[in-house]
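Single-structure report; data block below.
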Amino acid sequence: GNSVTQMEGPVTLSEEAFLTINCTYTATGYPSLFWYVQYPGEGLQLLLKATKADDKGSNKGFEATYRKETTSFHLEKGSVQVSDSAVYFCALSASGGSYIPTFGRGTSLIVHP
Amino acid sequence: SQTIHQWPATLVQPVGSPLSLECTVEGTSNPNLYWYRQAAGRGLQLLFYSVGIGQISSEVPQNLSASRPQDRQFILSSKKLLLSDSGFYLCAWTVTGQVSYGYTFGSGTRLTVV
């Protein structure tokens, strides 16, 4: 079956530090890959996505590249802000199975001023 | 544009009482619909999904049930709540047959069973 593994948190950084949150996956076929962000007390929001190998998704300064050879989709940001503090979920979606997405367990990011 | 509405936002219910959470989607037709639960500090647990009216699949045996009486309406219910039903409930939808579309989530319902 499909699975997503992401690094455990919390990840604690100072403002303007570089962020990497690792995500690796296993899937049959050619999945689409996503990063979602969840701010405290809210639902998940789509942050970025990539639908085929070597695609780079980007949004709000965050980036992730679909690496089929390493089955990875690591999330990066060059300079984090306090407002980036949230929980980040890596996810994949593949055809079949009523398109049930597979989510990682989430990584909490805490950014200090 | 498509929107998803979920209510209520917060709910405090006594043990043994019934539950009804509602989710509606606007601006699309025949969506795939999902109910998730998120325990404090934990990941997402898929509870139910639906690919059409009256078609419900359960992922986890539990005290809850789901119904889809209309194309864009998804309801989560319980006849008698347990303390373990407390959590953050999220509804989500996606376009049927579109792997790359992604999933849109509602704002969630915080349920506390006391």
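Labels below follow one simple rule: chain letters A, B, ... track the order of the sequence lines, proteins then strands, and each chain is numbered from 1.
Contact count against chain A (heavy-atom pairs under 4.5 Å) is highest for B:L44 among B:L46, B:L90, B:L44.
For the atom pair CG of B:L64 and OG of B:S77, the computed distance is 8.5 Å after rounding to the nearest 0.5 Å. With values rounded to the nearest 0.5 angstrom, B:S57 atom OG is found 13.0 Å from B:L47 atom CG. Between the NE2 atom in A:H112 and the OG atom in A:S85 there is a gap of 8.0 Å [rounded to 0.5 Å]. Going from atom CD1 of B:I56 over to atom OG of B:S50 covers 4.0 Å, rounded to the nearest 0.5 Å. Atom CG of A:N22 sits about 5.5 Å away from atom CE of A:M7, to the nearest 0.5 Å.
Taking the centre of each ring, B:W93 and B:Y101 come in below the 6.0 Å mark.
For residues 36-52 of chain A, the interface with chain B (any heavy-atom pair closer than 4.5 Å) comprises A:Y36, A:Q38, A:G41, A:E42, A:G43, A:L44, A:K49, A:T51, sorted by residue number. For residues 56-84 of chain A, heavy-atom neighbours of chain B at less than 4.5 Å comprise no residues at all. Within residues 8-17 of chain A, no residue approaches chain B closer than 4.5 Å by heavy atoms.
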For this session: For side chain to side chain donor-acceptor pair (under 3.5 Å), just list the numbers for B:N32 and B:T94, CA-CA rounded to whole Å, side-chain angles, deciding distance to a tenth of an Å, and then say yes or no.
Result: CA-CA 5 Å; B:N32 280 10; B:T94 191; over 6 Å; no

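Contacts between B:Q38 and chain A at a heavy-atom distance below 4.5 Å involve the side chain alone, from C-beta outward.
There is a path of hydrophobic side-chain contacts, each under 4.5 Å, that joins B:Y36 to B:Y49.
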List, one per line, each side-chain donor-acceptor pair under 3.5 Å for residues 106-114 of chain B, sequence neighbours excluded.
{"residue": "B:T109", "atom": "OG1", "partner": "B:P8", "partner atom": "O", "Å": "2.4"}

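Side-chain contact between A:Y25 and A:S3 is absent, with no heavy atoms from C-beta onward closer than 4.5 Å. You'll find the side chain of A:I100 reaches within 4.5 Å of the side chain of B:E59, heavy atoms only. Annotation: side chain of B:T96 is not in contact with side chain of B:V51 (no heavy-atom distance under 4.5 Å). Between A:C23 and A:W35, the closest side-chain pair of non-hydrogen atoms falls below 4.5 Å. Looking at heavy atoms from C-beta onward, B:F48 lies out of side-chain contact with B:Y34 at the 4.5 angstrom threshold.
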